[in-house]
Each structure stands twice: as structure tokens, then as C-alpha cells.
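Notes for the one structure printed next.
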Amino acid sequence: MPLTNSQELIHSAYLEFDRNSWANLRDNVPLTLSEQDLSRLKGINEDISMEEVVQIYLPLSRLLNLYVSARQERSAVQESFLGVDSAKSPYVIGIAGSVAVGKSTTARILQAILACWPNHPSVALVTTDGFLRPNQELEARDLMKKKGFPASYDIRRLVQFVADIKAGKASVSAPVYSHLDYDILPGVEQKVEQPDIVILEGLNVLQSGMDYPNQLHRVFVSDFVDFSIFVDAEEELLKDWYIQRFLSFRKGAFTDPDAYFHHYASLSETEASKTASRIWDEINGVNLTENITPTKQRANLILKKGLNHQVEQIWLRK
Ligand SMILES: Nc1ncnc2c1ncn2[C@@H]1O[C@H](COP(=O)(O)OP(=O)(O)OP(=O)(O)O)[C@@H](O)[C@H]1O
Ligand SMILES: CC(C)(CO)[C@@H](O)C(=O)NCCC(=O)O
């Protein structure tokens with residue numbers, strides 16, 4: 001039967017799992033986590049349940065581990081065909097999704113579990129936040145209220161960074177963004193030195209040239225991503241998670257007198273909720289609708305979260 005719309009096209013492109021059927025794949029995962037592994041995972045985020053780790057992230061790490069091994073074997077075949085030793089090219093996993101959906105938490109959990117596999121891959125974690133333009137530049141371009149939108153990134157530098165990683169360069173540097181300073185840290189850089197796997201996390205990892213009409217380029221971040229994951233949730237939940245995180249920053253990070261948002265620490269809980277809600281509606285929610293959700297269907301895997309960050313559905317591209 002002919003496909004009538006893009007929705008059907010997308011449905012036919014993915015295998016769909018509910019939470020239980022995905023968790024059953026756990027039986028095929030020959031990895032048990034030690035007490036030490038579990039406490040390290042707990043240290044990443046105390047709100048994440050071990051049930052979630054075992055049922056969702058462990059099977060996912062197995063799938064990724066198999067893909068990485070298959071890619072390494074393919075590279076070995078290519079080297080033997082060409083009769084040369086090529087530079088080691090890391091396997092790049094991209095994690096996209098809204099602000100506050102849990103990209104960095106997902107990335108850190110996967111980083112920790114992947115490193116538990118017997119081949120102990122070295123896994124580097126990089127966020128595309130480092131490629132935001134510094135505040136000074138954003139101010140000059142009137143983009144301070146567009147942080148996270150395509151125009152707020154130095155996309156050429158980001159693409160060059162991922163291309164250098166994939167090319168197997170011995171050492172590649174990324175700028176570093178601080179949520180506390182709300183700005184790029186001058187003179188600070190993160191070095192990536194030929195790990196086995198790079199997890200690249202950020203709202204824009206699945207964006208393409210269409211999203212950057214003013215910065216014409218034909219090569220996208222996704223051209224260098226081997227496997228992409230989109231972490232998804234309904235906007236109502238995302239906004240709530242954003243507000244909750246803002247409220248916990250108000251009691252924690254914002255109390256630091258050097259914090260950019262120090263003045264928010266003195267807000268009452270109601271005022272702080274209102275402020276976070278407004279920032280969501282004016283910036284992050286708009287970015288989600290205009291620039292992030294449209295990239296979902298490019299992902300190799302979609303993790304759909306429900307209440308309490310529980311993954312309820314998994315879509316795996318065939
Ligand atoms: N699996 C999880 N279980 C429980 N809480 C979680 C989980 N993942 C994320 N969170 C919570 O949700 C909030 C957002 O998570 P996180 O900072 O990882 O999101 P993000 O997508 O990386 O955000 P940003 O784009 O702003 O950097 C945090 O308060 C975090 O503690
Ligand atoms: C740095 C980003 C864009 C992504 O992590 C986001 O956290 C952000 O700062 N958004 C701008 C609006 C806000 O302050 O939430």
C-alpha cells in the first residue's frame with residue numbers, strides 16, 4: 001500500500017518497543033554490574049532508579065557495544081584491504097533532545113555503563129554547549145535571548161571539531177561552557193585524545209544545513225555521528241523538569257555570589273517558578289518547537305520518557 005504521509009513513513013522506519021518488551025532484552029545482556037559499578041551510577045544522579053538503569057540503559061549499552069564492535073571490525077577489514085594502519089577513528093554517539101530532557105544525564109549513564117563492558121572502552125563525553133558563542137558576541141548580535149537557537153552556535157567550529165575527531169586526530173580541543181557563569185570559560189578547553197567512543201550531547205546534534213540558513217555549510221554534525229539518540233518527552237513534562245531544576249539551582253548553584261543568576265537566589269519559590277516558566281515559554285519552549293522536535297525523526301533511536309523520567313517507549317530505526 002502506498003505511504004500517504006510522512007508519519008506513516010516514519011512509523012515504518014522504526015521498530016517500536018514498550019518498556020517491558022525492551023526490558024526483556026535484558027536477558028540477552030551478558031553483563032552484570034558490580035556493587036561498585038552501581039554506586040558509581042548512583043553518583044551520577046541520585047534520582048535515577050537502579051531499575052531504570054537495569055531495564056533501559058543496560059540493554060541500550062549492549063546494543064551500542066555491539067555496534068561499536070561491528071564498526072571496529074569493519075575498520076580492521078578496510079585496513080587489511082588497503083594494507084595500511086589507519087589513524088584510530090572513535091565511534092561517535094550523538095544525543096539530542098530538548099533543554100532539561102536529561103541529555104547530559106543519559107550521556108553520563110551510558111558513558112559509565114559502556115566502560116563496564118569487558119573490552120572497557122574509553123569513552124569521552126562532550127557537550128555542544130561549548131560551541132555556543134560567548135555572551136559578548138551574543139550580545140553584539142542581539143542573541144542573548146536566543147541561547148540554544150541555531151544562530152547562537154559557532155556551527156562551523158563544531159562541525160570541524162567532530163570531523164577532526166572522526167579523522168582520528170591525536171588531540172582535538174573543545175571550548176568549555178559553564179552553566180554557573182552562563183558563558184564560555186575564556187582560555188579553558190577540553191581535550192579529546194583518541195578515545196574508543198565519543199558521546200556528543202546537545203540540542204543541535206541532529207540539526208542540518210536547513211537549520212542554519214545564514215551560515216551556509218554542506219557538511220553537518222550528523223555526517224560524523226555513527227549512532228544518534230533523541231531523548232523525547234511531552235512539553236508539559238519538559239517544562240516541569242526545567243522549572244524543578246531551576247528551583248534546585250536557586251537553592252544550590254545560584255547561591256554562589258559569582259553565579260550569573262545569583263540574583264535569582266533571593267526570589268521566593270513562587271517568583272522563581274514564574275521566572276523559570278517565563279524563560280521556558282520565551283526561549284527554550286520556542287526553540288523546542290522550531291528547531292529541536294523537527295530533528296527527532298533523523299535519530300537512529302528515540303527514547304520517549306514519561307513521568308519521573310521513566311522511559312516508556314523505545315523506537316529503533318530498522
Ligand atoms: N533518568 C533520570 N532520572 C531522574 N532525573 C533525571 C533523569 N535524567 C535527568 N534528570 C533530571 O532532569 C533534569 C535535566 O537533566 P539534564 O541536566 O541531564 O538535562 P539536559 O537535557 O542535559 O539539559 P540542558 O540541555 O539544559 O543541559 C535534571 O534536574 C536531572 O537531575
Ligand atoms: C545552554 C543551553 C542552551 C543548553 O544547555 C540552555 O541551558 C540555556 O541556557 N538556554 C537559554 C535559556 C535559559 O536560560 O534556560
Side-chain angles (χ1 to χ4, degrees), residues 19 41-58 60 94-113 125-135 138 143-154 158 175-185 199-205 207 229-233 237-254 259-261 263-264 272 275-288 290-292 303-312:
R19 189 178 167 81
L41 286 164
K42 203 72 202 156
I44 292 175
N45 187 326
E46 57 185 25
D47 293 332
I48 185 160
S49 75
M50 281 308 116
E51 192 193 20
E52 192 72 3
V53 168
V54 169
Q55 298 196 338
I56 305 294
Y57 298 99
L58 209 49
L60 177 55
I95 302 186
S98 168
V99 167
V101 73
K103 299 178 299 300
S104 67
T105 306
T106 305
R108 290 166 71 207
I109 294 167
L110 289 177
Q111 179 186 34
I113 309 183
L125 183 51
V126 182
T127 164
T128 67
D129 288 354
F131 296 86
L132 281 164
R133 298 178 188 282
N135 285 354
L138 293 178
L143 288 173
M144 270 310 269
K145 293 228 162 87
K146 295 276 181 206
K147 216 179 239 197
F149 284 61
S152 66
Y153 291 94
D154 185 344
L158 173 58
V176 175
Y177 182 78
S178 157
H179 283 268
L180 189 69
D181 296 22
Y182 205 62
D183 203 355
I184 296 293
L185 296 173
I199 303 181
L200 180 68
E201 162 280 288
L203 9 113
N204 55 352
V205 296
Q207 287 172 354
I229 299 172
F230 188 97
V231 189
D232 193 23
L237 290 173
L238 294 168
K239 183 172 175 179
D240 186 49
W241 296 338
Y242 180 76
I243 296 173
Q244 294 315 321
R245 189 177 57 179
F246 191 93
L247 292 178
S248 69
F249 282 169
R250 169 178 149 269
K251 289 199 184 137
F254 294 166
Y260 182 85
F261 286 132
H263 56 287
Y264 288 152
T275 303
S277 172
R278 184 177 41 78
I279 299 175
W280 180 271
D281 292 341
E282 290 176 1
I283 307 179
N284 299 319
V286 180
N287 196 14
L288 174 66
E290 290 181 357
N291 304 305
I292 304 170
L303 288 177
K304 177 86 192 255
K305 287 177 166 186
L307 275 180
N308 299 323
H309 288 270
Q310 268 214 354
V311 173
E312 288 175 344

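Everything numeric here is computed off the predicted structure, so don't read it as measured data. Just so you know, ligand 1 is whichever comes first in the structure, and atom 1 is the first atom listed for that ligand.
Under the 3.5 Å distance criterion, the side-chain polar atoms of Asp181 are left unmatched by any main-chain donor or acceptor of Asp183. Between the Asn291 side chain and the Phe149 main chain, no donor and acceptor come within less than 3.5 Å of each other. At distances below 3.5 Å, not a single donor-acceptor pair connects side-chain atoms of Lys305 with backbone N or O atoms of Val231. Using a distance-only test at 3.5 Å, with no hydrogens or angles considered, no donor-acceptor pair links the side chain of Gln310 to the main chain of Glu52.
Under the ring pair (Phe, Tyr, Trp, His ring centres under 6.0 Å) criterion, Tyr260 pairs with Tyr182, not counting sequence neighbours. With sequence neighbours excluded, the residues that form a side chain to side chain contact (heavy atoms under 4.5 Å, CB included) with Gln244 are Asp240, Leu247.
Summarising the local packing, NZ of Lys42 is surrounded by more than 12 heavy atoms from other residues, nucleotides or ligands at distances under 6.0 Å.
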Contact table, ligand 2 N/O with protein N/O, distance under 3.5 Å:
residue: ligand 2; atom: 5 (O); partner: Asp129; partner atom: OD1; Å: 3.2
residue: ligand 2; atom: 5 (O); partner: Asp129; partner atom: OD2; Å: 3.3
residue: ligand 2; atom: 10 (N); partner: Asn284; partner atom: OD1; Å: 3.2
residue: ligand 2; atom: 14 (O); partner: Tyr182; partner atom: OH; Å: 2.7
residue: ligand 2; atom: 15 (O); partner: Tyr242; partner atom: OH; Å: 2.5
residue: ligand 2; atom: 15 (O); partner: Asn284; partner atom: ND2; Å: 3.0

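Residues of the protein with a heavy atom under 4.0 Å from ligand 1 are Asn45, Asp47, Ile48, Ser98, Val99, Ala100, Val101, Gly102, Lys103, Ser104, Thr105, Arg245, Lys305, His309, listed by chain and number.
Judged by distance alone, the side chains of Asn287 and Lys147 never bring a donor and an acceptor atom under 3.5 Å apart.
Atom OG1 of Thr275 and atom OH of Tyr264 lie 6.0 Å apart (nearest 0.5 Å).
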